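One structure below.
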There are 2 protein chains.
Amino acid sequence: MIRQSDKSNLKKFGNRIKEIRQAKKLSLRQLSYACDIDNSKISKIEKGQINITFTTILQLARALEIEPSELLLASFE
Amino acid sequence: MIRQSDKSNLKKFGNRIKEIRQAKKLSLRQLSYACDIDNSKISKIEKGQINITFTTILQLARALEIEPSELLLASFE
DNA sequence: ATAATTGCGGTCTAAAAAGGCCGCATTTGT
DNA sequence: ACAAATGCGGCCTTTTTAGACCGCAATTAT
């Protein structure tokens with residue numbers, strides 16, 4: 001049921017989040033504080049372990065000070 | 001718990017989907033067939049009634065032949 | 001007038017996200 | 001050497017999505 005392409009895309013998305021977070025020199029806990037999402041959850045997102053919702057994407061974008069659309073800039077399958 | 005801004009953003013996203021679908025002259029059922037998502041669900045998405053996941057966003061983008069990032073082009077709160 | 005299509009809401013189950021907390025090994029800083 | 005910070009995984013409960021199907025009023029086409 002869980003498609004392989006989905007897993008791949010989730011990982012790409014997670015990597016993107018991680019890159020941006022690190023570029024801003026934020027720790028998981030700092031980002032966690034900024035977007036009110038548990039740090040362990042962000043860790044899972046970055047690892048592509050969870051399929052986050054639209055609103056969570058927006059929360060991350062806000063905290064990372066980036067346009068939501070920018071977060072989806074990746075070559076998804 | 002359900003934030004007002006979330007509802008607003010979900011509606012904006014839904015409207016965007018609807019606009020693109022209509023611009024392509026697709027009915028809910030046609031789009032449903034193209035992305036393998038039940039037409040009633042798409043209706044709810046367009047109405048901003050559900051908070052869809054990342055993978056669902058990608059499914060819609062694929063079916064609408066648009067970049068995922070383009071789907072998030074809106075002035076979210 | 002009749003038939004077909006369309007948008008949409010409701011219902012149900014199973015799966016998964018949300019939200020939150022804890023602990024710990026490793027890394028980093030003092 | 002010690003203390004603090006960090007990434008990360010596990011666990012738990014509640015809430016919600018996913019996925020699928022049905023029915024119907026209203027619109028559109030024949």
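Atoms considered below: every heavy atom in the structure, side chains included; atoms not considered: hydrogens, waters and symmetry mates. Remember, predicted model here, so these are calculated numbers, not experimental data. Below, read A as the first sequence line, B as the second, and so on, with proteins coming before strands; counting in each chain starts at 1.
- Contacts of N39(A) with the nucleic acid, taken as non-hydrogen atoms under 4.0 Å apart, include base atoms.
- Here dG7(D) is the nucleotide among dC8(D), dG7(D), dG19(C) with the atom lying nearest to any side-chain atom of R21(A).
- Of the candidate nucleotides dC21(D), dG20(C), dC8(D), dC8(D) has the atom lying nearest to any side-chain atom of S43(A).
- The side chain to side chain contact (heavy atoms under 4.5 Å, CB included) search around N51(A) returns L10(A), T53(B), F54(B), T55(B), not counting sequence neighbours.
- Relative to the axis of its first five pairs, the axis of the last five pairs of the helix from dA1(C)-dT30(D) to dT30(C)-dA1(D) sits at 60°, rounded to 10 degrees.
- For N9(B) (side chain) and L58(A) (main-chain N/O), no donor-acceptor pair under 3.5 Å exists by modelled atom type.
- For R3(A) and dG19(D), the CZ to P distance is 8 Å, given to the nearest whole Å.
- Taking atom CD1 on I52(A) and atom C1' on dG19(C), their separation rounds to 14 Å, with Å as the unit.
- Nucleotide dA20(D) holds its P atom 14 Å from the OH atom of Y33(B), rounded to whole Å.
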**OP:** With side chain to side chain contact (heavy atoms under 4.5 Å, CB included) as the test, would you mind laying out the steps for R3(B) and K7(B) before giving the verdict?
**Re:** CA-CA 7 Å; R3(B) 285 192 262 189; K7(B) 286 211 286 184; over 6 Å; no
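- Nucleic acid contact for K41(A): sugar-phosphate only, since backbone atoms but no base atoms lie under 4.0 Å from a heavy atom of the residue.
- Backbone-only engagement by K47(B) is indicated by non-hydrogen atom pairs under 4.0 Å involving sugar-phosphate atoms exclusively.
- One finds no side-chain N or O of S40(A) lying less than 4.0 angstrom from the OP1 or OP2 phosphate oxygen of dG20(C).
- Under a 3.5 Å cut-off, the side chain of S69(B) and the backbone N or O of L72(A) do not form any donor-acceptor pair.
- A donor-acceptor contact shorter than 3.5 Å is absent between the side chain of R62(A) and the backbone of I57(A).
- Atom-to-atom, CD1 of I17(A) to P of dG7(D) comes out at 14 Å; the value is rounded to the nearest Å.
- The two atoms that bring C35(B) and A63(B) nearest to each other are CB-CB, 3.3 Å, heavy atoms only.
- In this structure a side-chain-to-backbone donor-acceptor pair under 3.5 Å is present from K24(A) to L64(A).
- When heavy atoms are screened at a 4.0 angstrom cut-off, T53(A) is found touching the sugar-phosphate backbone but no base atom.
- Not a single side chain to side chain contact (heavy atoms under 4.5 Å, CB included) links N15(A) to another residue, sequence neighbours left out.
- Rounded to whole Å, the distance from CZ on F13(A) to C1' on dA17(C) is 14 Å.
- I37(A) comes within 4.0 angstrom of nothing in the nucleic acid, heavy atoms only.
- Look at CG on L31(A): it is 16 Å from C1' on dA5(D), rounded to the nearest Å.
- Atom CD1 of I42(A) and atom P of dA18(C) are 12 Å apart (whole Å).
- Sequence order on DNA chain D of the closest nucleotides to D38(B) and N51(B) puts N51(B) first from the 5' end.
- Nearest nucleotide to the side chain of K18(A), out of dC8(C), dC8(D), dG9(D): dC8(D).
- Take the nearest nucleotide of DNA chain D for D36(B) and for Q49(A): the residue whose nucleotide is more 5' is Q49(A).
- Residue S27(A) places its side chain closer to dT6(D) than to any other of dT6(D), dA17(C), dG20(C).
- Listed pair R29(A) / dC8(D) fails the phosphate criterion, with no side-chain N or O lying under 4.0 Å from OP1 or OP2.
- Atom NZ in K25(A) sits about 16 Å away from atom C1' in dG29(C), given to the nearest Å.
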